[in-house]
Each structure stands twice: as C-alpha cells, then as structure tokens.
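Quick notes on the structure that follows.
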Amino acid sequence: MQRATDGWGSGLLGVIIFSGSLPATRIAVGGLTPMFLTSARAVIAALLGAALLGVLRQKRPAAGDLGSLAIVAAGVVVGFPLLTALALQHITSAHSIVFIGLLPLATAIFAVVRGGERPSPAFWLFSVLGAAAVVGFALSRSGEGSLSGDLLMVAAVLLCGLGYAEGATLSRRLGGWQVISWALVLASPMMAILALATRPGSLSGIGLPVWASLAYVSVFSMLVGFVFWYRGLALGGIARIGQLQLLQPFLGLALAGWLLHEPVAWTMLAATGVVVLCVAGAKRFA
C-alpha cells in the first residue's frame, strides 16, 4: 500500500511539472529555433544530470541497458521536445495540449510491448474511444489548428509514450533519476553539436521570457519532472500511474490561458473532457 501511495504521489508531482512544458515551449520558440531549443535544453539538463551522477557516484549502466537508454533518449530527450517545438510553430499551446490526452493510451500500449503489462479488453475499448475523440478534434481543425501541427503532435505523443514506458521499465533496475540522467548523458554529444550548429546569430533580440522558458524546460521538464515521473511509474505500474496524465490537459490549458492569454475554445474543453472520461474508464480496468 505504501509503495502504491508513493507511486501516485511521485507521479502527480511529475505531471504538475510537465504541465508547464508546452506553454514554456510556445514562449521559447518565439525567439529560438526548434532545433536549438531541443538541443540546448538537452545539453543543460545533461550537465546537471552528469553532475548528479558524479557527485553521488552512481555506477555506469550495464552494456545491456544501453539500448533501452537510447530508446529513452530518442523518445523524451530528442523526439518529444523537437516535434512539439516544431508543432508549436503552427498551433497554439492550448490546441497542442489536447493531444496530451493521448499520452495515457500511448504509454499503456508501450507498457504492454516493452513492460510486459497486460490490461483487460475493456481497458483498450475505453482507450480507443478516447483516442477517437482526439482524432475527431484534430480533424475539426478548431482553434488555431493545422494539419501539419496536429500530425507533429501525434508523432510526439507516440515517441513520448515509448520513452515513458521504456524508462519506467529501466527504472526498476537503475532508479528513476538515474535513467533520465544517463539518457541525457548518452545523447549529449549529438545534442551539443546541434546546439553549436543552430545557435542564434545574435542574442540581442531574445527577451527574458524566452530565456526563462528555456531554463524551465531544461531544468524542470527535462530533468526534475522525470525524477518524480519515472519513480511513480516504476512503483505504481506504468499503465495505472500513466492515467495521471489526464490531469495534464486541464493544468496545461489553464496555464496557456493565464500566461499566454491564448483562447481556450469550448471544443478544446469538450475534447479534453471526453478523453478524460474515456481514459478514466480505462483506468478502472487497467
């Protein structure tokens, strides 16, 4: 019971931290290119992660874990940050946040494929209904939507779900913060080269909100949030704790409206509500 409670608590903290990621990314791409933003946040987080690993004298992962760490890096260090940054050049953060409602389904699918979990058929029924609601919203093109932005968000969610499930499985052996730290270190040489190649020609026109947003996604979205999130998934079960992501659209929409003054259309709220009901039903049968 204590293990499950700790899992829910850690997972909730992770979701709260992640809720600010898309609004912060939306601000950051106003002054930085998606490629530089993705690589710079990874390099900054990798430096912090490497310092933690060194100070706390953590053992290097086994050779057999490198493949899993590469999958984590591809999913949550490179794939999700880059694809969402690209998407947010075409759509508002409020629009993009609706797609986060697909993350529980994506995480659950990869929990089966990579984590060996076996949810019931009823779980999949509710999950598919929730996914259909998101697809319907995307096709309606409400708000500030665009087909390219929507497709980029779907691809980002799939990669993120893979990275979540793979990282949670690996966390059972290495520990939550160790997994994201090693994944960041593994990706850091490539990310450092990209950051140098895509750095802004001039820093004079980049405002404080852009730098603050880069700091948030680097420290909190890329490292601190994963410390809590991977720990929660490992303790409470990937498919089960993954349902906490249902809170993220609500928190994210509130932040998008408050910080960015973006319009939150009723169709966004309706789609998010349908997704929440469907995936909550899926949780019942997880």
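Bear in mind the structure is a predicted one, so any value in this text is a computation, not a measurement.
- The heavy-atom pair separating A234 from S171 by the smallest distance is CB-CB, 4.0 Å.
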task: Could you walk me through whether V29 and L37 pass the side-chain contact (heavy atoms from CB on, under 4.5 Å) test, one step at a time?
output: CA-CA 7 Å; V29 295; L37 174 62; 3.8 Å; yes
message: Using side-chain contact (heavy atoms from CB on, under 4.5 Å), reason through W182 and R60 one step at a time and then give a plain yes or no.
response: CA-CA 8 Å; W182 284 119; R60 293 183 179 181; 4.0 Å; yes
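- Partner of V77 under the side-chain contact (heavy atoms from CB on, under 4.5 Å) criterion, out of T38, L184, L69: L184 alone.
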task: Just do the ring-ring contact (aromatic ring centres under 6.0 Å, His included) check on Y164 and W229 with the steps written out, would you?
output: CA-CA 9 Å; Y164 280 174; W229 183 241; 5.4 Å; yes
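- Between V185 and P189 the shortest heavy-atom distance is O-CD, 3.5 Å.
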- request: Begin with the C-alpha distance, continue with both residues' side-chain angles, and end with the deciding distance and a verdict on side-chain contact (heavy atoms from CB on, under 4.5 Å) for Y230 and V72.
  value: CA-CA 11 Å; Y230 278 149; V72 173; 3.5 Å; yes
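- Taking hydrophobic clusters as Ile, Leu, Val, Met, Phe, Trp and Tyr residues chained together by side-chain heavy-atom distances below 4.5 Å, L203 shares a cluster with L32.
- Contact annotation: the side chain of E166 never approaches that of L170 to less than 4.5 Å [non-hydrogen atoms, C-beta and beyond].
- No side-chain heavy atom of L12 sits under 4.5 Å from any side-chain heavy atom of W8.
- With sequence neighbours excluded, no residue forms a ring pair (Phe, Tyr, Trp, His ring centres under 6.0 Å) with F36.
- In this structure, the separation between OG on S39 and CE on M191 is 6.0 Å, given to the nearest 0.5 Å.
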- request: Using the side-chain contact (heavy atoms from CB on, under 4.5 Å) rule, take T25 and R41 through it: C-alpha gap first, then chi angles, then the decisive distance, then the call.
  value: CA-CA 11 Å; T25 300; R41 66 187 278 181; 4.0 Å; yes
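- Note that the OG1 atom of T33 and the CG atom of L194 stand 10.0 Å from one another [nearest 0.5 Å].
- The CG atom of L88 sits 6.0 Å away from the CG atom of L22 when rounded to the nearest 0.5 Å.
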Side-chain donor-acceptor distances from residues 211-223 under 3.5 Å, at least two apart:
from: S213; atom 1: OG; to: P209; atom 2: O; distance (Å): 2.8
from: Y216; atom 1: OH; to: I17; atom 2: O; distance (Å): 2.6
from: S218; atom 1: OG; to: L214; atom 2: O; distance (Å): 2.6
from: S221; atom 1: OG; to: S21; atom 2: OG; distance (Å): 2.6

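- Once rounded to the nearest 0.5 Å, the distance linking CD1 of I180 with CZ of F226 reads 5.0 Å.
- Between the side chain of S10 and the main chain of G7, no donor-acceptor pair closer than 3.5 Å is present.
- Across all non-hydrogen atoms, the minimal contact from L158 to F110 is O-CE1, 3.3 Å.
- For the residue pair A28 and V210, the shortest heavy atom distance occurs at O-CG1, 3.7 Å.
- By the rule that hydrophobic residues join a cluster once side-chain heavy atoms approach within less than 4.5 Å of another member, V78 and I193 end up as members of separate clusters.
- Remark: the backbone N or O of I91 is paired with a side-chain donor or acceptor of R26 at under 3.5 angstrom.
- With hydrophobic clusters built from ILVMFWY side chains whose heavy atoms lie under 4.5 angstrom apart, L277 does not share a cluster with L129.
- Summarising the geometry of L82 relative to P34, their closest heavy-atom pair is CD1-O, 4.0 Å, with the distance given to 0.1 Å.
- Here the closest non-hydrogen pair linking A87 and G149 is CB-O, 3.6 Å.
- Between the side chain of R172 and the main chain of T169, no donor-acceptor pair closer than 3.5 Å is present.
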Distance-only criterion, 3.5 Å: show the donor-acceptor pairs between side-chain atoms of residues 47-59 and protein atoms not counting sequence neighbours.
from: Q58; atom 1: OE1; to: Q178; atom 2: NE2; distance (Å): 3.1
from: Q58; atom 1: NE2; to: L56; atom 2: O; distance (Å): 3.2

